[in-house]
Novice: 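Sharing a structure, written as C-alpha cells. Questions coming.
A note on names: the letters A, B, ... follow the listed sequences, proteins ahead of strands, and every chain is numbered from 1.
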Amino acid sequence: MTWTEERVELLKELWGNGKTAADIAEALGGVTRNAVIGKANRLNLSAKGEAKPASVRAEPSAKRPCQWPIGHPGEPDFRFCNKEAAAGKPYCVHHCNLAYQNRDSAAA
DNA sequence: CCCTGATTCGC
DNA sequence: GCGAATCAGG
C-alpha cells in the first residue's frame with residue numbers, strides 16, 4: 001500500500017475529527033493502526049486539532065469550484081483545490097468522496 | 001483484561 | 001519512508 005494524497009488527507013481528516021488510529025486504519029483499509037500511527041507520526045501529526053471541512057455541509061445547489069482546503073489554514077501554501085466541482089456539490093467528485101467519507105455511494 | 005497513542009526497530 | 005513490534009498510559 002502506498003500513501004497517496006487522498007489517503008494522507010483522509011488520514012489527517014479522520015484523525016483530526018477524533019477518529020482513533022484503529023478506525024482510520026479500517027477506514028482506509030489495507031493498513032493497520034500501527035501504519036496509520038506511524039504515518040501520522042512521520043507527518044508530524046499526533047497533535048490533532050485541525051479543521052473539519054468534512055463537517056461543512058453545503059446545500060446541494062452550490063455551484064462553485066472545489067473549495068477543499070489544501071494544506072492547513074495558516075500555511076503559506078494554503079489554498080483550495082478549485083477543481084471542477086461536481087454538479088450540485090461544493091467539492092469536486094474527487095474531494096467529495098473524502099468530504100462525505102464516502103465508501104460505496106460514490107458520486108461518480 | 002481491553003483499549004488508546006507513541007516510540008523504536010528492522011526492512 | 002513504510003510497517004510491525006514493542007512500550008507506556010488509560
Novice: Would you call A:Trp3 and A:Leu43 a side-chain contact if the rule is heavy atoms closer than 4.5 Å?
Specialist: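 SC-SC contact between A:Trp3 and A:Leu43 ruled out.
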
Novice: Show every side chain to side chain donor-acceptor pair (under 3.5 Å) that has at least one partner inside residues 25-37 of chain A, sequence neighbours left out.
Specialist: none

Novice: Whole-Å distance between B:dC3 C1' and A:Ile24 CD1?
Specialist: 15 Å

Novice: Over how many whole Å does the gap from A:Leu43 atom CG to B:dG5 atom C1' extend?
Specialist: 15 Å

Novice: Reckon A:Asn41 has a side-chain N or O less than 4.0 Å from the OP1 or OP2 of B:dG5?
Specialist: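 So the side-chain polar atoms of A:Asn41 never come under 4.0 Å of the phosphate oxygens OP1 or OP2 of B:dG5.
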
Novice: Taking atom C1' of B:dT8 as reference, at what distance in whole Å does atom CD1 of A:Ile37 sit?
Specialist: 13 Å

Novice: Calculate the interatomic distance between A:Asn34 atom CG and B:dC11 atom C1'; express it in whole Å.
Specialist: 15 Å

Novice: Hey, which of these two, A:Arg33 or A:Arg42, hits DNA chain C nearer its 5' end, going by closest nucleotide?
Specialist: A:Arg42

Novice: When the distance from CH2 of A:Trp15 to P of B:dT4 is rounded to whole Å, what number comes out?
Specialist: 11 Å

Novice: Test of understanding: with side-chain hydrogen bond (donor to acceptor under 3.5 Å, both in side chains), list the residues that count as partners of A:Asp23, not counting sequence neighbours.
Specialist: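 Result, side-chain hydrogen bond (donor to acceptor under 3.5 Å, both in side chains) vs A:Asp23: A:Thr20.
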
Novice: Let me confirm one number: the NZ-CD1 distance from A:Lys39 to A:Ile24, rounded to the nearest 0.5 Å.
Specialist: 13.5 Å

Novice: With a 4.5 Å cut-off on side-chain heavy atoms, are A:Trp15 and A:Ile37 touching?
Specialist: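 Counting from C-beta outward, A:Ile37 and A:Trp15 do come under 4.5 Å.
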
Novice: Of all nucleotides in DNA chain C that come within under 4.0 Å of a heavy atom of chain A, which is furthest toward the 5' end and which toward the 3' end?
Specialist: C:dG1 to C:dT6

